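Have a look at the structure below before the remarks.
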Amino acid sequence: MIDIKWIRENPGKLDEALASRGAKPVAIDLIKLDERRRDHLKTLQELQGRRNEASKAIGKAKGSGDDAKAQSLIDEVAQIKAEIQAGEAEERAIDLALVDALSRLPNVPLDDVPVGTDEADNVEVRRVGEKPEFGFAPKEHFELGEALGMMDFDLAAKISGSRFNVLRGKLARLERALGQFMLDVHTGEHGYEETQPPLLVRNDAMYGTSQLPKFGEDLFIGASMTGRGHQVESLLETYTTQADLDALKSGEISLEKLVPQVLERAPTEEEFWLIPTAEVPLTNLVRDRVLDGGQLPLRMTALTPCFRSEAGSAGRDTRGMLRQHQFNKVEMVSITSEETSASELERMTGCAEEVLKRLGLPYRVVTLCTGDMGFAARKTYDIEVWLPGQDAYREISSCSVCGDFQARRMAARYRVEGEKQPRFVHTLNGSGVAVGRALIAVMENYQNENGSITVPECLKPYMGGIERIEAVS
RNA sequence: GGAGAGGUGGCAGAGUGGUCGAAUGCACCGCACUCGAAAUGCGGCAUACGUUAAUAGCGUAUCGGGGGUUCGAAUCCCCCCCUCUCCGCCA
């Protein structure tokens, strides 16, 4: 969430930032709305002040037995009562409108972020590692996995549909080994605290990290039967009008059109959401808190499944396990002071890179341009790992600094010694790294001509000491 | 899931319609006393928004969250969330 006060003082900067992300200018509208809000608030507060004064006087008058005076004061306050109630209702409405508008604005990119429209404008920062040379045509991971008999998409589809897979045997273990290895590196060497957060979270948490209100369609919903019942009930009772039903009956509107319309009106009040990344629960660990500045930075890591609907990705990366509805990821989250967040981004990116270095995987780091950055980010480095089977670099980690954008939504603050007012913390998140994609990368980079996979040196202790993964005869 | 109890400032904990943003204790900060410390005494000590040059003053709101009743709500009513105890179910 961007501070409305900052917008008041920097309307040009806001619109410039929005333009760089391909969005329309809104500063003038927001400022107008805010002015309306403040004007209205002022008059409301004056009325409330008068009421409070009179009410106190009533109490005093009654206490001293002056009933006549009390009555005249009661009559007086009764007159402004309706005015106050109407004013309060309007204040709520204006405030809601402003907060809603603000909560849909993306973060302002840092000055050193390249301006661009899409991934073609991202800027490569460095390449690390040597691409492996093969004396044969390298295969893609799913060809290797299926040939080994340890990766089965058809079987997964029977149970869960497309964009799932089943790993078995040594390949399943390799996936586990990767996750363990990454956690050990981050907890043992990089100072991150191992955490096991909830995978189902409430609206507020999703709102805090800004998946909501704008990106609900990317998420999966979790609900109990009773919870779902309550929701259907409220959709029917509160958000579907008689006019809707009449329009439906008369054929004026189709059911396909009415349903999204009703859902649009309803607030996104799900019982639970499945996390699309551990960034959500980890970052929300500091919500509604005032931390001691001396405690910062906080560094947390977690290995969790992630669930993404991949809406809008139909037809993209449909083969293999590159883009699944469910995958494991090691996430890093840092909570810092405002002075140290920029350097923390470099540090965090380095932590993610270290994993790839140890695994011997070639990669490159790119700075995302303004148009390609996520909603909450001020600056993002993507790490792209080399996939020989695809003959391409593919994203395996994304490290972002969000400034106080998420902290404002979560009311996560810290106190600096000697300062009266608490400040908002800065938040960062990054994958360290995506486990499923790391598995792909290891398979493709360590493949042998006979279809076996050599186990990277650093994973051997996690693999019972075996040298390679081969098909079971 | 059923029955009951509860949610108040950093913590503990009073307050059941008025002068309560809220007693008291602890913690914390300042001052006094002291060679210094402890003890003691005095004072201070929430957040957001508005106004403002101001993180000074003043105003408004906030006692889990949201609505309502009332001239006036921490206190009464409704809905929701959370915690605890007992029972049931369960990895």
Side-chain angles (χ1 to χ4, degrees), chain A residues 1 3-9 31 33-96 98-99 102 196 198-208 223-231 233-234 237-238 266-273 284 286-295 338 404 407-424:
Chain A
M1 183 100 83
D3 188 2
I4 184 66
K5 284 185 204 156
W6 181 86
I7 295 175
R8 267 180 344 225
E9 286 156 20
I31 289 172
L33 184 58
D34 181 52
E35 266 165 15
R36 225 182 92 207
R37 171 185 142 260
R38 287 188 293 158
D39 284 348
H40 185 265
L41 188 59
K42 216 164 152 183
T43 55
L44 174 63
Q45 288 186 346
E46 276 163 19
L47 285 173
Q48 287 171 324
R50 269 204 278 157
R51 179 200 60 193
N52 290 349
E53 222 175 307
S55 292
K56 278 185 185 175
I58 291 168
K60 271 184 194 161
K62 283 202 166 171
S64 62
D66 190 348
D67 286 348
K69 189 180 174 194
Q71 193 51 50
S72 81
L73 283 164
I74 287 174
D75 294 342
E76 187 193 322
V77 180
Q79 285 190 327
I80 56 172
K81 189 191 170 187
E83 223 175 317
I84 289 179
Q85 279 183 328
E88 283 174 342
E90 188 173 351
E91 205 255 319
R92 278 198 292 274
I94 299 176
D95 212 57
L96 203 72
L98 183 63
V99 169
L102 287 173
Q196 286 213 29
L199 308 180
L200 301 180
V201 303
R202 293 195 185 278
N203 292 291
D204 288 352
M206 284 295 185
Y207 180 86
S224 63
M225 285 300 285
T226 46
R228 200 174 62 163
H230 288 314
Q231 217 213 350
E233 217 176 275
S234 102
E237 279 182 7
T238 316
T268 49
E269 290 291 326
E270 300 298 335
E271 189 174 19
F272 291 115
W273 300 88
N284 273 282
V286 295
R287 76 161 25 247
D288 291 323
R289 285 177 62 192
V290 180
L291 301 164
D292 173 7
Q295 290 175 268
E338 56 186 59
D404 63 8
R408 285 180 186 281
R409 292 168 165 250
M410 296 188 303
R413 292 166 297 175
Y414 69 105
R415 208 176 281 285
V416 177
E417 215 181 304
E419 284 186 21
K420 200 171 174 191
Q421 285 193 322
R423 304 187 195 174
F424 288 108

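In this text the structure is predicted, and so the values were computed from the model without any measurement.
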Phosphate contact ([N] OP1 or OP2) by [X] side-chain N/O below 4.0 Å:
X	N	result
A:Arg202	B:rC82	yes
A:Asn52	B:rC71	no
A:Arg413	B:rA48	yes
A:Arg8	B:rG50	yes

Does a side-chain heavy-atom distance below 4.5 Å link A:Met410 with A:Val286? yes

To the nearest 0.5 angstrom, please state how far the [atom1] atom of [X] sits from the [atom2] atom of [Y].
X	Y	atom1	atom2	result
A:Ile84	A:Leu47	CD1	CG	5.5 Å
A:Arg36	A:Glu91	CZ	CD	11.5 Å
A:Met206	A:Asp204	CE	CG	11.5 Å
A:Leu102	A:Asp3	CG	CG	9.0 Å

Residue pairs fulfilling salt bridge (Lys or Arg N to Asp or Glu O under 4.0 Å) with at least one residue in residues 41-54 of chain A, sequence neighbours excluded: none

So what does A:Arg289 hit on the nucleic acid, given a heavy-atom distance under 4.0 Å: a base, only sugar-phosphate, or nothing? nothing

Give A:Arg415 one of three labels, base, sugar-phosphate or nothing, depending on what nucleic acid heavy atoms sit under 4.0 Å from its own. sugar-phosphate

Which dot-bracket string fits RNA chain B when only Watson-Crick or G-U wobble pairs with both atom distances under 3.5 Å count, crossing pairs get [ ], and | stands for a partner on a different strand? ((((((((.[[[..)..(.....]]].(((((.......))))).((((((.....)))))).[[[[[..)....]]]]])))))))....

B:rU55 P sits how many Å from A:Asp3 CG, rounded? 13 Å

Find the distance A:Asp288:CG to B:rA48:P and express it as a whole number of Å. 13 Å

Every protein N/O within reach of nucleotides 67-70 of chain B N/O, cut-off under 3.5 Å:
residue, atom, partner, partner atom, Å
B:rG67, OP1, A:Arg92, NE, 3.1
B:rG68, OP1, A:Arg92, NH2, 3.4
B:rU69, OP2, A:Gln85, NE2, 3.1
B:rU70, OP2, A:Lys81, NZ, 3.0

Out of B:rA61, B:rC81, B:rU60, which has the shortest distance to the side chain of A:Arg51? B:rA61

From B:rC49, B:rU51, B:rC71, nucleotide with atom closest to A:Gln45 side chain: B:rC49

Expressed as a whole number of Å, how far does the C1' atom of B:rG67 sit from that of B:rA56? 37 Å

